[in-house]
Amino acid sequence: MPIKRTNPEAYSLISIELEMEKSARFALEKKLQEKDNEIAYLKNIIKEKQPNPKDYSKEIILDALNHLPTGILFENEIGLVMTLNNTLLDLLKINIPIDHLIGTDLLSNPFFDQSQFLNPTDFHKRTNEILNNKKEVRNDIFELIDGTIIERDFFPIFDGDLYKGHLWLYSNTTKIYNLSKQIDHQKEIYEKVISHLPIDIAVLNPSFSDLFLNPKAIKDNDLRQWIIEWLINKNNNKDLNYDTIKSYKSLFNYVITKKTSGQIEEMKTDENGKVQYLLRSINPILDESENIEMLIGYNTDITERVRIENELKKAKKITEELSVAKDLFLANVSHEIRTPMSGILGVVNLLAKTKLNQKQLKMTSMINEATTNLLTIVNDILHLEKIRSGKLELEEIPFSLAEKIIGIAEGFQLRVKEKKLYLDFENQMSDNPTIFGDPYRIGQILNNLLSNAIKFTEKGGIKIYLSTITESPEQIWLKIEIKDTGIGIAPDMVEPLFEPYKQAESATTRKYGGTGLGLSICKNLVEFLGGRIAVDSELGKGSTFSCIIPFKKQSSVSTTIKKVENYEKLKRCKVLLAEDVEMNQFIASSILEERNIQIDIASNGKEVIEMVQLKTYDIILMDISMPYIDGIQATSIIRSMKDPKINRIPIIAITANALNGDEKKYKDAGMNGYTSKPFQEIQLLDAIINGLNKEAFIIENNKIEHVPNKHHKLYNEDLIMGMGKNNPAFIEKMIGLFLKTMPTDMELLDNSASKQDWKMVEKTAHRIKSAIRGMGIEKAVKPIKLIEEMAQSEPNNIDLLNQIKLLNGIIMMVIEQINTDYPHLKVPN
């Protein structure tokens with residue numbers, strides 16, 4: 001029965017040797033039994049008949065003898081043949097009838113070819129020696145010249161003291177002899193192997209006597225005492241270590257009781273102080289009845305393994321300490337950079353909403369650009385760490401990849417036009433399926449790759465391709481290619497290009513700038529999504545970056561109704577802001593008060609604890625790093641209070657730290673959510689909603705009022721600034737073009753619809769759609785898409801005009817908001 005083995009090599013060798021010995025012993029016993037049966041049979045015949053060739057009944061004897069598989073030769077006291085069988089004639093290659101051999105001396109018979117013996121002289125000498133001794137001989141071996149091995153047995157026959165003749169039994173044992181030699185050879189090999197194994201091996205039978213001890217085991221005094229004294233318990237040596245005896249006996253009893261392998265580790269120290277670690281093991285070998293047939297005990301020197309394990313433990317500890325130090329360093333750097341940036345960005349955004357002249361607007365834009373660039377560098381470093389740690393969270397929502405690419409590409413059109421390049425998109429897919437994945441991460445990848453393509457291309461342009469690689473009912477693999485006609489990459493620089501902080505060459509960094517993190521983040525994101533990224537480039541001719549990414553198909557994920565936040569419900573919400581930096585207090589207060597949210601301010605954790613006991617709050621925005629009592633300590637104290645109105649207040653961590661594990665750390669401390677500084681208005685509002693009962697602030701998209709709230713900003717200012725990298729001239733030009741062209745296009749759209757000029761409606765709607773995407777006017781995306789689709793067929797004029805009316809209302813509100821936000825902006829002629 002198979003057993004669990006601690007050392008399979010030692011066990012296998014011993015098992016093979018034992019099985020071979022068992023097999024050989026069984027074959028020999030069977031052979032001896034057969035011979036004894038034949039001899040008894042022949043002796044019985046002899047007793048019934050007188051051994052006289054003239055009186056002997058040939059028919060009876062030959063009939064009996066010829067049925068035996070053994071060659072039979074009866075000779076009288078002077079060596080003359082009394083009888084023999086055909087089996088013997090075949091073995092000795094004698095080709096004359098039996099009758100011609102009766103009464104002759106077989107060895108002197110001219111028909112007996114003695115040249116067939118490998119050594120005829122030795123054969124005759126040995127035969128005469130046996131005949132002269134007149135004693136029983138078993139297993140006498142001789143060999144023929146053709147390699148046949150003959151084994152013979154000699155049995156003298158006496159009548160009292162009178163010698164009456166003898167019986168020879170001849171057998172062809174070539175196969176058995178060769179097999180025996182092979183077994184002996186294998187046994188010798190196994191014995192040498194086992195004897196030279198660097199482990200102690202002892203084999204015991206069920207009565208615990210030694211069956212086998214290899215030389216290594218014999219030299220190990222402890223092992224020998226274990227077998228002879230501790231294990232067998234023959235002696236009671238009081239000088240032995242009782243703890244060691246106890247552990248050995250426990251191991252032995254466990255193996256005997258459970259009939260399974262067992263082991264213990266032992267540390268030994270010699271007289272020189274040298275330490276050695278041993279693994280003591282016992283394996284039981286079970287027979288067919290599940291009884292223990294034998295025990296195999298062996299020791300393995302594991303001193304080197306223990307040393308390596310200890311070194312690995314030390315290395316792991318050092319690695320963990322370095323990881324903690326790295327996280328602490330990044331946390332400190334993040335906090336120290338983000339804290340002042342939070343103030344700068346917040347004040348600049350608030351300042352941009354006031355009445356400024358053109359020069360002042362440019363200055364605020366320049367400050368915003370510099371701060372945003374610095375924040376991008378910090379975010380890239382932290383983002384890369386988050387991806388590598390595997391803690392990046394992915395969304396799984398339905399979207400169209402083709403539309404996502406179109407939207408992103410349209411956002412780059414102005415930058416492309418400024419450089420006099422082209423940017424085209426070719427959708428090679430047969431349809432436009434809805435897929436499920438994380439459109440935000442896809443946007444990160446595309447924005448990075450497109451930004452690089454535009455940055456490193458001076459003439460020509462960029463082309464985007466989308467195609468299907470393969471698909472199943474549940475999944476589809478899509479390929480995105482971004483091909484440019486830029487400066488290209490040298491072959492030896494392609495591989496390190498995706499490493500962090502690497503660019504093609506130092507001159508590239510000086511000329512084009514950048515941190516060298518973009519492609520590394522792209523690679524990590526693509527692989528995190530389950531895909532792969534590659535580049536094919538030729539220096540001076542351009543590059544093609546390709547991403548192959550798997551997505552779930554619509555049929556494999558249940559669709560859900562899209563929901564959006566209703567910030568109007570936050571009116572009169574009571575917020576306690578715990579923040580010790582005055583600038584951050586001012587920014588947060590300005591954002592929340594503009595939404596009619598009531599806000600109180602505490603400068604440290606001590607004040608927070610005091611204020612929650614005096615006044616009721618809906619939520620607390622808790623800074624982590626504050627004097628006296630920090631945010632985590634303050635949260636712990638609040639959660640331990642007895643009053644449920646206090647200890648259940650939602651608490652949102654607001655901090656400049658943004659490392660892996662921060663969110664979990666804050667939630668473990670009892671906080672309900674987390675957002676990092678510097679924060680934008682929507683980010684802060686979303687954090688508050690998430691901390692409160694979120695469902696109370698959510699409405700389904702099919703229940704949203706068609707006319708949006710005029711106080712909610714309808715265009716995406718961050719998108720515009722991101723496209724122009726906060727370049728004031730770019731931003732003014734883009735917004736100015738929108739103010740100039742949009743009223744004209746809307747008028748043309750309305751007139752064309754009134755005249756039922758559907759081709760013009762479609763063409764104008766397509767142009768307006770591009771501008772809407774570029775300005776990030778999400779509320780207008782659905783109406784303009786419906787208008788364009790309706791115009792492609794025979795539309796219901798009333799439905800189309802209603803959509804145009806809705807769109808016009810949204811556009812007019814956007815223009816009104818832009819005029820408020822940019823009062824000194826001049827619309828180009």
Side-chain angles (χ1 to χ4, degrees), residues 34-146 148-174:
E34 290 174 351
K35 285 187 177 181
D36 288 342
N37 292 339
E38 290 179 1
I39 291 168
Y41 177 68
L42 293 171
K43 283 184 176 179
N44 186 49
I45 294 175
I46 293 171
K47 287 180 181 179
E48 292 178 357
K49 295 286 181 180
Q50 279 293 335
N52 189 328
K54 296 179 180 179
D55 301 331
Y56 214 88
S57 176
K58 295 180 180 179
E59 291 80 9
I60 296 175
I61 295 177
L62 287 176
D63 183 60
L65 296 184
N66 285 325
H67 282 84
L68 296 177
T70 305
I72 305 297
L73 173 63
F74 279 108
E75 292 180 323
N76 63 14
E77 69 277 8
I78 61 174
L80 300 178
V81 176
M82 295 171 62
T83 189
L84 71 170
N85 64 358
N86 287 324
T87 307
L88 180 67
L89 297 182
D90 293 338
L91 284 175
L92 299 181
K93 300 180 176 60
I94 300 174
N95 296 320
I96 60 174
I98 291 176
D99 290 345
H100 294 180
L101 295 172
I102 301 298
T104 68
D105 183 351
L106 182 64
L107 297 182
S108 302
N109 195 302
F111 294 100
F112 181 44
D113 182 10
Q114 300 186 27
S115 65
Q116 64 182 306
F117 295 106
L118 182 66
N119 195 323
T121 303
D122 287 348
F123 175 75
H124 279 283
K125 183 178 178 182
R126 176 60 179 159
T127 301
N128 290 330
E129 181 183 330
I130 292 172
L131 291 173
N132 290 333
N133 289 334
K134 295 183 175 57
K135 293 181 179 180
E136 183 177 311
V137 175
R138 297 254 187 166
N139 303 326
D140 184 57
I141 302 292
F142 63 90
E143 186 175 354
L144 302 184
I145 198 167
D146 62 1
T148 302
I149 305 297
I150 305 294
E151 182 180 294
R152 62 181 177 173
D153 299 327
F154 174 80
F155 300 97
I157 301 171
F158 289 91
D159 185 4
D161 293 332
L162 182 65
Y163 181 66
K164 304 292 290 182
H166 47 263
L167 170 68
W168 292 95
L169 302 181
Y170 284 78
S171 302
N172 185 341
T173 58
T174 306

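Just so you know, these numbers use all the heavy atoms, side chains as well, and skip hydrogens, waters and symmetry mates. Treat the numbers as computed from the prediction; the structure is a model and nothing was measured.
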- Task: For side chain to side chain contact (heavy atoms under 4.5 Å, CB included), just list the numbers for N86 and I98, CA-CA rounded to whole Å, side-chain angles, deciding distance to a tenth of an Å, and then say yes or no.
- Result: CA-CA 8 Å; N86 287 324; I98 291 176; 3.5 Å; yes
- Message: side chain to side chain contact (heavy atoms under 4.5 Å, CB included), that's the test. Do L167 and L73 meet it? Break it down for me.
- Response: CA-CA 6 Å; L167 170 68; L73 173 63; over 6 Å; no
- Message: One pair to check against side chain to side chain contact (heavy atoms under 4.5 Å, CB included): L106 and I94. What are the steps and the verdict?
- Response: CA-CA 10 Å; L106 182 64; I94 300 174; 3.9 Å; yes
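For the residue pair I149 and T174, the shortest heavy atom distance occurs at N-OG1, 2.9 Å. Nearest heavy-atom pair, M82 versus I102, reported as atom, atom and distance to 0.1 Å: O-CD1, 3.2 Å.
With contacts defined as side-chain heavy-atom distances shorter than 4.5 Å, the pair D122/F142 does not qualify. In this structure, the side chains of N85 and L88 come closer than 4.5 Å at one or more pairs of heavy atoms. Counting only heavy atoms from C-beta outward, the side chains of T70 and D153 never approach each other to under 4.5 Å. Counting heavy atoms from C-beta outward, D113 and K93 have side chains that stay 4.5 Å or more apart. Residues F155 and R138 are in side-chain contact: their nearest non-hydrogen atoms beyond the backbone lie under 4.5 Å apart.
L162 contributes atom CG, which lies 12.0 Å from atom CD1 of I157 (distance to the nearest 0.5 angstrom). From R152, atom CZ reaches atom CH2 of W168 across 4.0 Å, with rounding to the nearest 0.5 Å. With values rounded to the nearest 0.5 angstrom, I150 atom CD1 is found 5.0 Å from L144 atom CG. We find the CD1-CD distance between I145 and Q116 to be 9.5 Å, quoted to the nearest 0.5 Å. Note that the CD atom of E129 and the CG atom of D140 stand 9.0 Å from one another [nearest 0.5 Å]. For the atom pair CG of L101 and CD1 of I96, the computed distance is 3.5 Å after rounding to the nearest 0.5 Å.
Between H166 and F154, the ring planes are tilted. Angles from 30° to 60° get that label.
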